[in-house]
There are 2 protein chains.
Amino acid sequence: MKWKELEEEPCSMARTIGVIGDRWTLLILRECFLRTRRFEGFQSALGITRHLLAERLKKLVRLGILRRIPYQEAPKRHEYILTQKGLDLYPIMMALVHWGDTHMVDERGRPLLHQHRKCGKDFDPVMVCSECGEPLLAKEVHTHPGPGAQSPLTIAAPDKPKAKARRSAA
Amino acid sequence: MKWKELEEEPCSMARTIGVIGDRWTLLILRECFLRTRRFEGFQSALGITRHLLAERLKKLVRLGILRRIPYQEAPKRHEYILTQKGLDLYPIMMALVHWGDTHMVDERGRPLLHQHRKCGKDFDPVMVCSECGEPLLAKEVHTHPGPGAQSPLTIAAPDKPKAKARRSAA
DNA sequence: ATTTGACAGTTCGATTTTAGAACTATAGAG
DNA sequence: CTCTATAGTTCTAAAATCGAACTGTCAAAT
């Protein structure tokens, strides 16, 4: 599969993975949410090669997840700020953190805690149903085709594959 | 940075990324949640090379995210089932899907809808605070060091770097 | 006036990963 | 005893990443 194709697959998750589904991009976004804004800041915080960092930042800007904003004219310099589209990635970040907190901590406990300003307490993120507010469990969710449907996970396609593994772009 | 190190960094998100932060692993997990269980199933649904698929499945089993269970003796064959640790990745998957639904759909609309059996309605996943139940916004969350803390995102380390970019493992 | 340092990249050879295709192995069906 | 299904393994070529050095601009220090 070509990774460019991912972004066009009829599966929202595949498309999202096409955008942010690699290690460096995810780590760069972590830094963004921790208020890092400048090239050197990302580079020294992550130890990423400058080459890749430049490339990834360009991609994130092109995709509208970061905005490149000048902060001085002298030698022209810019900083990278999350757009609303980027800020909307927050639930993904929190979900990643929470799984790590649950399954990857060592004896010392969590590296970071999160405090909710609204209520003042340290919290865990919980994913709930927008309609009834109940926490979501995989087993209680039924997936079915929507208007933009047309394949991948939709159905166990009833086209008796003789063998030969069709489907290059699943 | 060596990717093995990621799993030991004092950042739950980095650790999670070390485990599931690559394209194929994420897509394999998508298939798991869609009830794919067998090698050929993953391979033909994703078009992944058999080599990588074998390697990734092995890793997921080693990490306790999938369990390898025999389903026939004749020629010994196994299927791959999500463990509880694996099922706990569900909020991450839903968060990825939801971002894609919001920002990556084309004119035709969502490829997939999700119905909550509890309330019977098609829903969106919403991330809320475990303490007060309010939806989480990045700006309302304050991050602070926990018991297992000791660095990365914790503080702008007060150790005047002369230049030279220290910190290989941020 | 020249050097040094901060910042934001770019370039390039060496290494590591991934892609793509073929090959191995076991066993039932025809 | 050949064909097919299933689950891998092996091998070479192509692509991505690493690591380190280099470019360019400007301010401040010498």
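In what follows, every chain begins at residue 1, and chains take the letters A, B, ... in the order their sequences are listed. Side chains are part of it too, since the values below use all heavy atoms of this structure and drop only hydrogens, waters and symmetry mates.
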Trainee: Considering only nitrogen or oxygen atoms on both sides, find all protein atoms under 3.5 Å from nucleotides 24-30 of chain C and state each distance.
Mentor:
from: C:dA27; atom 1: OP1; to: B:Ala74; atom 2: O; distance (Å): 3.4

Trainee: Would you mind reading off the distance between A:Gln72 atom CD and C:dC7 atom P, rounded to a whole angstrom?
Mentor: 9 Å
Trainee: Please state whether the phosphate of C:dT10, meaning OP1 or OP2, lies under 4.0 angstrom from any side-chain nitrogen or oxygen of A:Lys58.
Mentor: yes
Trainee: Ignoring backbone atoms, test whether A:Trp3 places a side-chain nitrogen or oxygen under 4.0 Å from the OP1 or OP2 oxygen of C:dT17.
Mentor: no
Trainee: Could you tell me whether the side chain of A:Trp3 reaches within less than 4.5 Å of the side chain of A:Asp22, counting heavy atoms only?
Mentor: no
Trainee: Rounding to an integer number of Å, can you tell me how far A:Gln43 CD sits from C:dG9 P?
Mentor: 12 Å
Trainee: Please report the distance, rounded to the nearest Å, between CD in A:Glu55 and P in C:dC12.
Mentor: 17 Å
Trainee: Give B:Tyr71 one of three labels, base, sugar-phosphate or nothing, depending on what nucleic acid heavy atoms sit under 4.0 Å from its own.
Mentor: sugar-phosphate
Trainee: Can you check the B:Leu46 CG to C:dT18 P distance for me, whole Å?
Mentor: 15 Å
Trainee: Please report the distance, rounded to the nearest Å, between CD in B:Glu5 and P in D:dC18.
Mentor: 12 Å
Trainee: Linking I/L/V/M/F/W/Y whenever their side-chain heavy atoms sit closer than 4.5 Å, directly or via other members, would B:Val126 and A:Phe123 fall into one cluster?
Mentor: no
Trainee: Can you tell me if A:Tyr80 touches the phosphate of C:dG9, counting only side-chain N or O atoms and a distance under 4.0 Å to OP1 or OP2?
Mentor: yes
Trainee: Side chains of A:Leu29 and A:Leu82: closer than 4.5 Å at any heavy-atom pair?
Mentor: yes
Trainee: Using 30° and 60° as the class limits, which term best fits the ring planes of B:Tyr80 and B:Phe42: parallel, tilted or perpendicular?
Mentor: perpendicular
Trainee: Whether A:Arg68 contacts C:dG9 is assessed here as follows: a side-chain N or O lying under 4.0 Å from the phosphate OP1 or OP2. Is that the case?
Mentor: yes
Trainee: Starting from C1' on C:dT18, measure out to CG on B:Leu27 and report it in whole angstrom.
Mentor: 14 Å
Trainee: Under 3.5 Å, is there an N or O donor on one side and an acceptor on the other linking the side chain of A:Arg38 and the base of C:dA8?
Mentor: no
Trainee: In this structure, how many angstroms lie between the C1' atom of D:dA16 and the CH2 atom of A:Trp24, rounded?
Mentor: 13 Å
Trainee: Rounded to the Å, how far apart are B:Glu40 CD and D:dT9 P?
Mentor: 13 Å
Trainee: Applying a 4.0 Å non-hydrogen cut-off, can you work out what B:His51 is touching in the nucleic acid: base, sugar-phosphate, or nothing?
Mentor: base
Trainee: Below 4.0 angstrom from OP1 or OP2 of D:dA16, is there any side-chain N or O of A:Arg56?
Mentor: no
Trainee: Starting from B:Ile20, can I reach B:Leu63 by hopping between I/L/V/M/F/W/Y residues whose side chains sit under 4.5 Å apart?
Mentor: yes
Trainee: Indicate yes or no: at least one non-hydrogen side-chain atom of A:Glu140 is less than 4.5 angstrom from one of B:His116.
Mentor: yes
Trainee: Taking for each residue the nucleotide of DNA chain C with the nearest heavy atom, is it A:Leu57 or B:Leu52 whose nucleotide lies nearer the 5' end?
Mentor: A:Leu57
Trainee: Would you say CZ of A:Arg67 has more than 12 non-hydrogen atoms from neighbouring residues, nucleotides or ligands within 6.0 angstrom?
Mentor: no
